[in-house]
Amino acid sequence: MALVEKIKSNARLKKLALWMLMPKNQARPRLWVKWFLNPFKHHKGRGSCIRRRTRVDVLPFNGFSIGRDSTIEDFATINNGVGAVYIGERSRVGLGCVVIGPATIGNDVMFAQNIVVSGLNHGYQDITIPPSLQPVETNPITIGDDVWIGANAVITAGVKIGKHAVIAAGSIVTKDVPEFTIVAGNPARIIKQYNPVSAKWEKI
């Protein structure tokens with residue numbers, strides 16, 4: 001049995017391994033993980049930039065990569081604790097954004113400010129246990145190429161956003177968004193789509 005599988009199958013070993021990787025009741029990795037494990041596990045493309053005041057809470061047991069010429073701006077948070085986070089090429093995660101995996105972000109994607117993308121939900125069904133102590137559920141988020149997401153939008157677990165879609169500022173996206181579509185509102189609804197026949201964006 002591989003070492004990783006052995007640790008996962010043994011509750012005591014798993015608890016010890018998690019304690020070694022991150023402090024109790026915290027989502028961020030210990031410094032030795034940042035300095036000595038993550039650089040060998042995760043990929044950072046040429047010309048990519050992670051600003052100094054960004055929280056990169058990534059751990060070695062899930063994937064993380066940022067593609068060529070992409071940027072994560074100051075005060076953003078990236079967390080792969082429950083699922084991998086992959087960011088494509090020439091994409092920008094704006095000021096104060098939060099990305100919690102599992103999430104895949106395509107190429108040439110623009111995030112404005114204070115956007116939340118979370119593939120994680122906390123369990124709440126057992127009323128005798130606080131939601132913070134119940135098992136988490138994950139559902140991957142996929143954001144296609146050329147997508148533009150406006151400030152303060154929220155993308156919920158399991159959502160797929162198609163190529164060249166636009167998410168209006170303040171939208172709460174709970175369902176898949178087709179490619180070449182503009183959505184707005186809470187919950188987000190389609191307000192325009194590109195018509196290849198007329199070569200125009202048309203109201204729905």
Side-chain angles (χ1 to χ4, degrees), residues 2-4 17 20-23 26-120 138-155 157-167 169 173 176-177 179-181 194:
L3 178 60
V4 173
M20 291 177 65
L21 292 171
M22 53 189 176
Q26 293 190 33
R28 62 172 50 192
R30 294 186 185 275
L31 281 177
W32 76 270
V33 175
K34 284 187 174 183
W35 292 344
F36 301 114
L37 282 184
N38 286 346
F40 300 100
K41 172 68 176 177
H42 302 132
H43 173 73
K44 187 179 177 187
R46 179 180 293 181
S48 63
C49 177
I50 300 175
R51 301 291 186 196
R52 191 163 55 90
R53 287 173 289 186
T54 296
R55 273 191 64 165
V56 185
D57 292 347
V58 298
L59 292 151
F61 50 75
N62 284 318
F64 169 71
S65 66
I66 178 171
R68 181 169 53 88
D69 297 323
S70 289
T71 301
I72 302 173
E73 295 289 2
D74 284 323
F75 312 114
T77 299
I78 309 295
N79 186 299
N80 77 340
V82 294
V85 175
Y86 299 116
I87 300 170
E89 299 182 351
R90 301 174 303 279
S91 291
R92 174 163 294 186
V93 177
L95 291 163
C97 292
V98 176
V99 180
I100 300 172
T104 300
I105 298 166
N107 302 322
D108 301 295
V109 173
M110 289 193 306
F111 279 29
Q113 301 78 38
N114 303 313
I115 292 160
V116 176
V117 173
S118 178
L120 159 72
T138 60
N139 202 350
I141 292 172
T142 304
I143 298 173
D145 297 341
D146 310 339
V147 169
W148 174 22
I149 303 179
N152 301 305
V154 176
I155 315 299
V159 164
K160 295 179 176 64
I161 300 177
K163 181 177 180 178
H164 208 106
V166 177
I167 313 301
V173 184
D176 292 353
V177 178
E179 61 182 15
F180 307 110
T181 297
Y194 182 76

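Just so it is clear, the model here is predicted, and its values are computed rather than measured.
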S.K.: Which heavy atom in Glu89 sits nearest to a heavy atom in Arg68, and how many Å separate them?
M.R.: OE1-NH2, 3.1 Å

S.K.: What is the distance from atom OH of Tyr86 to atom NE2 of His43, rounded to the nearest 0.5 Å?
M.R.: 11.5 Å

S.K.: Step by step, would you call Asp145 with Asp108 a side chain to side chain contact (heavy atoms under 4.5 Å, CB included)?
M.R.: CA-CA 6 Å; Asp145 297 341; Asp108 301 295; 5.7 Å; no

S.K.: If every non-hydrogen atom of Gly119 is compared with every non-hydrogen atom of Pro102, which pair is closest and at what distance?
M.R.: O-CD, 3.7 Å

S.K.: At their closest point, which heavy atom of Gly94 faces which heavy atom of Ala76, and how far apart are they?
M.R.: O-CB, 4.0 Å

S.K.: Is there a salt bridge (charged side-chain N to carboxylate O under 4.0 Å, His left out) between Asp176 and Lys160 once you walk through the steps?
M.R.: CA-CA 5 Å; Asp176 292 353; Lys160 295 179 176 64; 5.1 Å; no

S.K.: May I have the step-by-step check of side chain to side chain contact (heavy atoms under 4.5 Å, CB included) for Ile161 and Ile155, ending in yes or no?
M.R.: CA-CA 9 Å; Ile161 300 177; Ile155 315 299; 4.0 Å; yes

S.K.: Assess whether side chain to side chain contact (heavy atoms under 4.5 Å, CB included) is satisfied between Val99 and Thr77, documenting all intermediate values.
M.R.: CA-CA 6 Å; Val99 180; Thr77 299; over 6 Å; no

S.K.: Check whether any side-chain heavy atom of Thr104 sits under 4.5 Å from a side-chain heavy atom of Ile143, and report yes or no.
M.R.: no

S.K.: So, does Thr181 use its side chain to make a donor-acceptor pair with the main chain of Glu179 at under 3.5 Å?
M.R.: yes

S.K.: Within the distance-only criterion (no hydrogens, no angle test), does the side chain of Asp74 pair as donor or acceptor with the backbone N or O of Arg53 below 3.5 angstrom?
M.R.: yes

S.K.: Any idea which heavy atoms bring Thr71 and Arg51 closest together, and the distance?
M.R.: CG2-NE, 4.1 Å

S.K.: Of all heavy-atom pairs between Val109 and Gly106, which one has the smallest distance, and what is that distance?
M.R.: CG2-O, 3.5 Å

S.K.: Do Asn152 and Ile115 pass the side chain to side chain contact (heavy atoms under 4.5 Å, CB included) test, and can you show the C-alpha distance, the side-chain angles, and the key distance before you say yes or no?
M.R.: CA-CA 5 Å; Asn152 301 305; Ile115 292 160; over 6 Å; no

S.K.: Please report the shortest heavy-atom distance between Ile141 and Gly158, naming the atom on each side.
M.R.: CG1-N, 3.9 Å

S.K.: With a 3.5 Å distance limit and no angle check, can you tell me whether Ser70 reaches the backbone of Gly88 through a side-chain donor-acceptor pair?
M.R.: yes

S.K.: Kindly say whether Ala151 contributes a backbone atom to a donor-acceptor pair with the side chain of Asn114 at under 3.5 angstrom?
M.R.: no

S.K.: Measuring only between side-chain heavy atoms, which start at C-beta, is Ile167 closer than 4.5 Å to Val173?
M.R.: yes

S.K.: State, with a plain yes or no, whether a side-chain heavy atom of Ile100 is found less than 4.5 Å away from one of Val117.
M.R.: no

S.K.: Using distance only, find each side-chain donor-acceptor pair of residues 60-67 under 3.5 Å and give its atom names and separation, not counting sequence neighbours.
M.R.:
{"from": "Asn62", "atom 1": "ND2", "to": "Asn80", "atom 2": "O", "distance (Å)": "2.9"}
{"from": "Asn62", "atom 1": "ND2", "to": "Gly81", "atom 2": "O", "distance (Å)": "3.2"}

S.K.: Atom CZ of Arg92 and atom SG of Cys97: how far apart are they, to the nearest 0.5 Å?
M.R.: 11.5 Å

S.K.: Please enumerate all residues that pass ring pair (Phe, Tyr, Trp, His ring centres under 6.0 Å) together with His164, with sequence neighbours excluded.
M.R.: Phe180

